[in-house]
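What follows is one structure encoded as structure tokens, with my remarks underneath.
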Amino acid sequence: MASMLDRLLAADISDPTDFPDAATAAGLRPFDDAVRCTICREFYDAPVTLTCGHCFCSACIRSALPEQQTCPACRKPASEVHIRKDVAMETAVQAWKNARPLMLRLACEEAARKAQPVQPPHARHDASHSERSGHGNKRRRLDFPLTGSEDEAVVVSSSPAPSGSPTSHALPDTVLCPVCQKQVFSQKINGHLDSNCKRYIAEGSNTSGPIAESSKSKQKQRWDQLFSSGSGGSGASAKTKDKGKGKSRAAPDDDEELEHLPKVAYDIHPHKRIADMLTEWGLPTHGDKTALARRHKKWIVLYNANVDRAPAHRRTLDQLRSDLRKAEEAEQKTRKETVDDPVAYQKANKAAFAKLTEAARPKKATPPAQAQTQEDGRDTADGAKPDGPDDQRGAPTAEADDVIDVDEEH
Amino acid sequence: MAVSTRRLQKELADIKRDGTPVGITLLSAEDFATWYLSVEVLGNTVYEGEKFALKFRFDGQYPISAPAVQFVVDDTYQAPVHPHVYSNGHICASILGSEWSPVLSVVSVCVTIQSMLASCKKKERPPDNDRYVSHAPENPKKTRWDFHDDKYVPSSPRRSTVSVLTISRRSV
Ligand SMILES: [Zn+2]
Ligand SMILES: [Zn+2]
Ligand SMILES: [Zn+2]
């Protein structure tokens with residue numbers, strides 16, 4: 001699990017701080033931030049606004065509002081009937097996604113140019129690592145050494161990374177795409193995701209996911225029946241649906257007047273009725289009533305978010321079904337990983353946890369993220385003081401190589 | 001990948017890139033199910049010199065659903081003595097329950113709890129500590145918290161306690 005985590009983290013995560021700070025590229029970070037949803041922190045997908053004016057991805061806010069009928073950002077009362085799509089924002093996001101790679105390259109070149117003459121030799125070594133982000137060593141993207149065993153934790157502490165600890169050269173060139181489970185070139189994972197898993201797939205990559213337990217493959221089969229063109233129960237109904245509502249209702253520029261699906265009060269319906277509702281959309285009907293209701297609810301969120309997309313960006317019903325399937329599988333995996341009995345867990349992991357704690361040495365005073373992101377604010381970080389009362393600066397443990405440094409102080 | 005995983009991945013990257021606010025340290029994040037962070041209250045407070053650890057547990061619905069957050073109670077760490085913190089580590093704070101917002105993050109929860117501790121003048125346990133602790137569910141999210149103005153009891157009409165003053169984008 002830890003190595004999966006490392007690989008995920010090693011993969012590029014698109015973030016506003018990819019851009020140099022305001023001193024070098026004024027406005028780019030705030031801009032990149034402004035076109036991201038504050039719930040999922042991705043670029044807006046089917047952006048919609050509430051009456052207060054706050055904008056979210058349609059699917060994000062449609063998932064959040066049933067939990068609490070207020071705007072997540074300002075807490076003003078909100079409800080699904082007030083959701084309006086934000087066409088201008090959707091256009092802006094699309095344009096920015098296209099422009100971003102070039103802007104990033106130009107901005108980072110500018111940062112490198114600015115940094116060049118003043119940097120002492122050892123700092124330039126670091127700068128070469130961080131060329132992409134274009135920051136000095138403080139803000140640079142950290143390289144995550146791969147941990148030796150699955151059980152080892154990613155530990156984050158302020159202790160300096162041991163010299164000679166593995167850095168980027170130890171990272172795999174490819175990462176497993178969390179969406180399509182294919183090996184993708186690490187540097188291109190964002191481009192890959194942006195291309196809906198079409199580009200930058202490493203040759204000869206293993207197309208089957210790393211985790212293939214029997215329950216999952218069983219699960220898959222049931223979903224697979226829907227996607228196969230073969231004859232048989234639910235598969236046939238999926239096909240019928242495509243001929244019916246399917247093709248005509250969700251095809252891109254076929255029909256701009258798509259309507260949102262109404263919410264369903266699952267409590268008042270019997271299992272059979274919910275199964276019928278799923279069948280109506282060509283969705284699988286395995287699982288108990290709760291599972292069926294959850295599946296249908298999620299379907300409505302995905303479907304309605306799709307309605308909020310510009311017709312040109314809309315996904316087909318088959319793609320939506322595939323999205324639902326992936327979401328369901330991912331969630332099942334997460335549920336399995338969630339520790340249900342933390343007391344037993346803590347006992348079992350006591351030794352490991354003690355080591356982690358030890359490894360987390362007293363932190364040098366790190367200014368709040370806010371201060372650090374201000375222009376040159378990072379240079380104030382050296383007003384280091386140990387803020388832990390009890391000095392846990394114990395002897396370096398065997399895990400030292402697995403300690404990931406946050407501050408990178410030099 | 002679950003939405004929760006991707007969101008947590010971003011939060012972790014932020015932490016690694018920008019660090020954490022003063023007094024807050026990431027102790028471990030082994031996976032996207034459980035994280036530990038330490039919290040200290042800096043300056044002149046009743047908790048001077050004490051260090052606490054918070055355990056976060058996430059389900060696949062995070063950040064739509066709140067994380068389960070509690071203080072670690074073990075050989076190394078104790079729960080702070082505070083009128084909203086039970087001796088088993090459970091915390092009565094509205095942002096972990098009815099006032100949760102999906103734009104909040106692990107770090108913003110830590111900051112809120114840190115300021116909850118910082119504003120404490122007198123170290124004392126909730127009045128119903130013993131009763132609650134003896135029956136408390138393992139997961140604090142399973143407790144139906146009711147937030148009174150200054151008395152915090154698990155059950156009856158709801159008022160907010162620790163409200164979130166700043167819900168904003170990360171400043172960039
Ligand atoms: Zn979103
Ligand atoms: Zn709002
Ligand atoms: Zn992919």
Side-chain angles (χ1 to χ4, degrees), chain A residues 1-2 5 8-9 13 15-17 29-30 33 38-42 60 63-64 67 72-75 139 141-142 153-158 178-179 327 330-331 333-335 337-339 341-343 346 350 353-354 356-357 360 363 365-370 372-373 387-389 404 406-407, chain B residues 1-7 9-23 25-34 36 38 40 42 48-51 53 55 57-61 63-65 72 74-77 98-103 107 138-139 167-172:
Chain A
M1 215 147 57
L5 179 73
L8 284 172
L9 285 172
I13 299 167
D15 186 273
T17 57
R29 265 190 212 176
D33 195 45
T38 45
I39 295 178
C40 65
R41 298 200 185 173
E42 312 277 355
C60 288
S63 303
E67 306 293 314
C74 68
R75 299 190 190 275
R139 303 287 325 275
R141 222 170 254 273
L142 295 183
V154 173
V155 179
V156 179
S157 82
S158 58
V179 178
E331 210 177 286
K333 191 168 161 273
T334 310
R335 216 173 299 150
E337 283 170 5
T338 306
V339 179
D341 185 357
V343 179
Q346 211 167 302
K350 208 164 192 179
F353 189 66
L356 297 186
T357 315
K363 206 170 150 57
T366 309
Q370 198 166 342
Q372 218 176 14
T373 52
D387 57 7
I404 290 165
V406 181
D407 287 348
Chain B
M1 166 165 49
V3 175
S4 62
T5 306
R6 203 159 161 83
R7 162 69 185 265
Q9 185 184 326
K10 281 169 179 281
E11 289 190 38
L12 195 53
D14 282 350
I15 291 174
K16 289 178 193 290
R17 224 180 338 237
D18 300 336
T20 42
V22 185
T25 310
L26 182 61
L27 296 178
S28 87
E30 298 177 41
D31 51 38
F32 295 116
T34 311
Y36 293 91
S38 70
E40 287 168 273
L42 301 161
E48 203 169 351
E50 294 181 68
K51 189 172 190 169
K55 174 161 94 173
R57 277 179 287 166
F58 313 98
D59 59 26
Q61 304 300 323
I64 300 300
S65 75
V72 174
D74 66 6
D75 294 348
T76 314
Y77 293 104
S98 58
E99 298 287 309
W100 169 255
S101 160
V103 301
V107 166
E138 180 283 310
N139 188 327
I167 305 170
S168 59
R169 289 166 184 276
R170 292 154 296 146
S171 83
V172 287

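Per chain, numbering begins at 1; letters A, B, ... match sequence-line order. Quantities reported herein were computed from a predicted structural model and do not represent experimental measurements.
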Where is the tightest heavy-atom contact between [X] and [Y], given as atom of each residue plus distance?
X        : Y         : result
Pro72(A) : Ser101(B) : O-OG, 2.5 Å
Arg7(B)  : Thr38(A)  : NH1-O, 3.9 Å
Ile64(B) : Ser63(A)  : CG2-O, 3.5 Å

Atom NZ of Lys10(B) and atom CD of Glu42(A): how far apart are they, to the nearest 0.5 Å?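 Here the interatomic distance stands at 4.0 Å.
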
From Arg6(B) CZ over to Arg41(A) CZ, what is the distance, rounded to the nearest 0.5 angstrom? 13.0 Å

